[in-house]
Amino acid sequence: MRQVAVLGSTGSIGVNALDVIQRLNRAEGGFRVAALSTYSHVPLLQKQIQVFRPSLAVVGDEAAAKVLSRWARSRKIPLRVMSGVDGLVQAASAPAVQLVLSAVVGAVGLQPLLSALRAKKTVALANKEALIVAGEIVMATARRYGAKIIPVDSEHSAMFQCLGGRTGPGAGVRRLILTASGGAFYRRTGSLDQVGVEEALNHPTWKMGRKITVDCATLTNKGLEAIEAHYLFGVPLDRIQIVIHPQSIVHSLVEFEDGSSLAQLSHPDMRLPIQYALTYPDRKPSPVRALALDEIKKLEFYAPDFRRFPALSLALEAGRRGGAWPAVFNGANEAAVQAFLGRRLPFTGIPRLCRQVMNRFKKRPPPRDGLRGILEADAWARREALSFLGKERLSSETLTKGGVKPWIS
Ligand code: MG
């Protein structure tokens, strides 16, 4: 029995992961869910607790923890309840847990990830922000403690599968080719200034959470994924090519020094990379239907439009600069996406806000080395983004009525 902690179990990845675990258990057993967590979806968490009977549940804050404890006691469900990052850290490093699936959203997943690695757990990593914010430290921690990180992000799972788990000079990698669906606005012409939240959330091929879907629409997600691939596989960013592939069938490629390229293909269904991370190095049957290439007929590939989607260039710039820069970009982006979803920022304001924060960071003295400097830069970027947002009072009314002017130079 492998004991699993699922962090972020009520999000899109978490729900799919529990579905995968249930199917695998029905087929041949093998997994026990030891811990579950949610930030705020307590009713769904309660349903999951009734099905999976974890010994630990983690929620966003104290108040929610009290509600959940009372609920568990009233139903005579033995359950330890914790809250916040401390709770996530406990779940990620609990002695009984062997495998941690981290699917929380945002940089809040960093401390739990580091604790899991220090406790020598295998981590199935869907929380890309943690790796982006502190990639060097995360990978060094994994190496130092001999802990494995198995990517859950579909593109990185594809590369991981093509690499056969190998990295370093012997793997003979020349380039990584990262595919992108193009997001909600790839085919759209004209200005993106006035596009609404619902339009941005209408992803052509994947059904995912709100934050990542907006990141796909700006192409920020692809920039973040390039940084993620750079850290995971030790390949410099200038040897990672981004290609728009609207069908989302080829999930990424690895080009080797001998001229061979390997790709991983499947229908876009997150249950596949999630299951592979759980059963690696084995493969098991899954509900994902097989490809019928004669039905698909056409696989297209295009260069991305960096001018129309400036967030992609900003993310890559942050990645190339390294150090605390990815944390600064990511922190500004998390604040900007939240503001966009709250209708306090137009769509094109997302990259503008990130650029503004990055420009300010250039003028600051460099942060101190190590994790502390990165966390300070992250907090600084969020504060800075909020202060820019505060200066501009955009009501949802002005946004829906149109006429919103670019407000960040
Ligand atoms: Mg992805």
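In each ligand, atom 1 is the first atom listed, and ligand 1 is the first ligand listed. Along the sequence shown, residues are numbered consecutively beginning with 1.
Of the charged side-chain nitrogens involved, at least one lies within less than 4.0 Å of a carboxylate oxygen, so that Glu129 and Lys211 count as a salt-bridged pair. With respect to the salt-bridge test (charged N to carboxylate O, under 4.0 angstrom), the residues Glu376 and Arg372 do not qualify.
Note on Glu225: its N/O/S atom closest to the Mg ion (ligand 1) is OE2. The atom of Glu155 that is an N, O or S and sits closest to the Mg ion (ligand 1) is OE1. Shortest distance from the Mg ion (ligand 1) to Asp153 is reached at OD1 (N/O/S atoms only).
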Side-chain donor-acceptor distances from residues 289-298 under 3.5 Å, at least two apart:
residue	atom	partner	partner atom	Å
Arg289	NH1	His267	NE2	3.4
Lys297	NZ	Asp294	O	2.7

Using distance only, find each side-chain donor-acceptor pair of residues 377-385 under 3.5 Å and give its atom names and separation, not counting sequence neighbours.
residue	atom	partner	partner atom	Å
Asp378	OD1	Arg382	NE	3.0
Asp378	OD2	Arg382	NE	3.3
Asp378	OD2	Arg382	NH2	3.0
Arg382	NH1	Glu334	OE1	2.9
Arg382	NH2	Glu334	OE1	3.3
Glu384	OE2	Arg360	NE	3.4
Glu384	OE2	Arg360	NH1	3.3
Glu384	OE2	Arg360	NH2	3.0

